[in-house]
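One structure is given below, encoded as structure tokens.
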Amino acid sequence: MKRPLPAALFTSAVLCLWVPVAGAQEQVPLPPPAPAATDEPVPPIAPAAIEEPAPPASAPEVVGEPVLPAAAQGLPPAEAAAGGEEPVAALEAAEVLPKEEAPAGEEPAVAPEAPAVPPGEPVPDAVVAAEPKRILVLPLEFTVYERSVAGVEAVPDWTEAARANLLEATGQMLRQDSRFEIIALPPVEGEAQDVLREHVELFKIIADTVTGVVHGGGKAWEEKKANFDYTLGDGLASLANASGADYAFILGGAQIKQTGGSAFMQLLAAGTGVVVAGGGTYVAAGIVDLRTGNITWLNSMMGGELFGMTSNDTRKPEAATAILAKMFEGYPTSRWVTFRPF
Amino acid sequence: MTFRPIARCLVVLASVAVASPALAWKLAEDGQRFEHKASGYSIQFPVGWRYQKMTFGDESLATRDGPLLQAIYVDFRKHKKAFPGLKKDATPDMMPQELAEKLIADFTISRGLQNMQVLSDEPTELAGLPAFRLHLAYRTAVDAGSVRYEEIVVGANSPQGVFVVHYRAPVLHYYARDVEAYERSLASFAIAAPRSSTR
Amino acid sequence: MRILHWAVLLLLVPASASAAIDEAEQRERIEFETRGFENQIGNSGMLFDDPALDAYLQGIVNRLFPDQPGRFHVRTFRDPDFNAFAISNGGIYFHTGTLLRLDDEAQLASILGHEGTHVTADHVYRSVKGAKGTAKTTIFVGLIAASAGIPPQLAGIVGLSSMAGFSREYEREADGGGFDRIVQAGYDPHAGAEAFARLERELTARHITQGGYFFASHPRVQERVATQTELAQGAAAEGERDTERFREVTLKARLDALMQLHRAGDGKALVFLLGDEGLLATLPADARFYLAEGYRLRGEAARRARGDKRSKVEQQAQRDEDGERALEEYRRTIEEAPEFAPPYQALAMHYLHSGDRPQALALFTRFVELTPDPRQSGYARQYIDRLNKELAQ
């Protein structure tokens, strides 16, 4: 018992940090879209305001399978959004967070794309921005799971609390230094919602790629770090037109909270020299230029949990604030991967 | 309950104990073809792309931004067990159309592409050999976001086995942007003559 | 050091004490994940686009469960396997492959009744609660299920649906509840036994003993046959079948399932369903092409399935017979549907391989004539060029 314990504890600690969040990093479990904010019907965006989504590069016709003359066409086109007959509920409008008034006498905000100015240094005239950029905060895609001895399951209350905390922290970070003016996400329905959803999924793929391949990929990927040119393409330009926003903030991730017997089992197992995965938190966030699709800022955070204990518990406001603050350190520089052990 | 996080943790745990299946990434340079001697093919990947060879197996992969954003993927299948999902073999005399049919079936089973559509299936040439060219469309799994992908698959039969050169990318932005780079690489694909069986 | 280790352990025990959750919380968790799953499925491209079919299925469920208005919503799922599953919020997903394998509306109702009873009897919640209470290795069950033939699109919902089945007790409860429902609705009480009997025969013919789905487990399907047969004993001799309406509304879905089986190269399933079980009679004349293809695919050499106990000689004999049957069925398809192009190309390929160039050329030529889209006839045109050159020499 004596000899295996320290090694097992150390290994558990490392794996608790890396294994579950590395696992979570590969395929972030998706929460459901938030339900409509109110019961009243939300008027859709005027059709003229949303451009038709660009068709896929190739024709959707199916070639090769025998088409029986007596049969109706049975195959949906490649680009068709699958779904039920009922119109898809509009995404919940992001909360419009109150903008803090800049105290009198302070210099105007630095433009998001300008290099960070060290604290205490005067802001050069050339760097002064005319106006804060307008940004949408897309519905946060973050889910909190409980890992117990019986398995892993998503917990709605915890998820709601975590999303609220992360949203509040997001607002604090975006408003800081008057970087951005946060504006409400207009209702997005039907095909426009599918377009938006797919772009968010593409962002997640990029975030996973940056953190999983680029960051640790070796010399061959150094140029990519220096020349960060990831983009979602211009498919969201219609959202910019409809909302008046220049940018969108996207955040996704998951937390696995180890509780109850699971933590105890892990501890017991460690005592016998057996390592069992625990919990952890993974967050990836980015800022996207809505007109070009270019990702102007991206960062992710991986945080561990050991035997049920962690400081990365997004159910707590202070933890969410600390996580976002860590991610925004050095803004507007993208750091891609940040660690917050326990 | 979702089991995906647990499954991933266990997979990662298992992979900690074994060597990485892929060698380090390298940068493709002009005039420097990638050669896979064991399988007998070579290809000029797009200059500036990163590529790697799988340690166990005959595959190689090149990407500009990351494998899930675009990938040129070369696959060599010996005739025996060429279609593992189907539990069927290829034969040296199989024609391109027949190979294409088998690969489509194999993808359906082994890659879980039940929602795949075959946009086209046409004859072509690969390294001077009669070949098939498939254009596929599908979506990723639901917990990977159901993202639309398109894929071109060009394959040819040879005495030593079946060579297949894929290109896949998300429909959003990436597929159209990088398909020309794939076509240039495809045109550079060469197959070495089979080694003599006598020593 | 040892005392320190134990002290640490003891101190941590109270902090890690398990907190059981109440029923409302557990139901909320199930509902949360289920909603997420349904959203994902909606985006997956896997739902079959046939509103009339969905409305038809919904109508049957409404008829079966008149006391539960608005409880269920039924969607058709594009997958050629025999499966249907229910989730706790009343969603029932019915595979196109199941529709392909049924004869009439009564059989369809028996499956819907079975699945609907899983919902009304609250089996998902009861199973999750039971599993947690005994701290069973549900995670491993889920992993096994998810890796043993269930498509990745559906793996996430295995633990929260009827997909991998429930306990024997719950399955019998669903059998009984479903049976009562179809009888009350006026359907033929023998329909359930018939549907499951066909499924059992298919699993035998394809040498499948255990697949990912509940309906792919041979022992469990055998149990369904036995239970349904037992329930039907002493029941009224007949009831509604509505065969014509069933065939008409489900035609598009059934043909799509056939196409998917064909694309997956599943010759055994094609021959079993269209040939052995006679489902060809319920389809248009040109569907015979799929039977021909089934024989051709089944006749190709393949590694023996695990449950196949036949000798090599027997297997070869069947392959030879399948090859001949394929040719017969191609010819019959051409007779019965002369304007349908694919059998011409398939037959031409046979003659190309066997060296009969004039026959091959004639059939490829006819195929190209009947195929206006040049993208669909590229190979055939190549063969024509080559054969013309060879025959000219």
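Below, read A as the first sequence line, B as the second, and so on, with proteins coming before strands; counting in each chain starts at 1.
- Contact count against chain B (heavy-atom pairs under 4.5 Å) is highest for A220(A) among G233(A), A220(A), G217(A).
- The local environment of NZ in K87(B) is sparse, with at most 12 non-hydrogen atoms from other residues, nucleotides or ligands closer than 6.0 Å.
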Check against side chain to side chain contact (heavy atoms under 4.5 Å, CB included), D208(A) and L68(B): CA-CA 9 Å; D208(A) 282 354; L68(B) 294 179; 5.6 Å; no
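- Screening L236(A), L202(A), V195(A), L232(A) for a side-chain contact (heavy atoms from CB on, under 4.5 Å) involving L172(B) leaves a single residue, L202(A).
- With respect to chain A, the highest number of heavy-atom pairs below 4.5 Å among T63(B), V147(B), L134(B) belongs to V147(B).
- Here the closest heavy-atom approach between residue R64(B) and residue W221(A) is recorded as O-CZ3, 3.8 Å.
- Checking side-chain atoms of E201(A) against main-chain N and O of S146(B) turns up no donor-acceptor pair under 3.5 Å.
- Partner D65(B) forms a side-chain contact (heavy atoms from CB on, under 4.5 Å) with one of D229(A), T209(A), I206(A) and no other, that one being D229(A).
- Only the side chain of Y174(B) comes within less than 4.5 Å of a heavy atom of chain A; its backbone N, CA, C and O stay farther away.
- From H173(B), atom NE2 reaches atom NE2 of H199(A) across 9.5 Å, with rounding to the nearest 0.5 Å.
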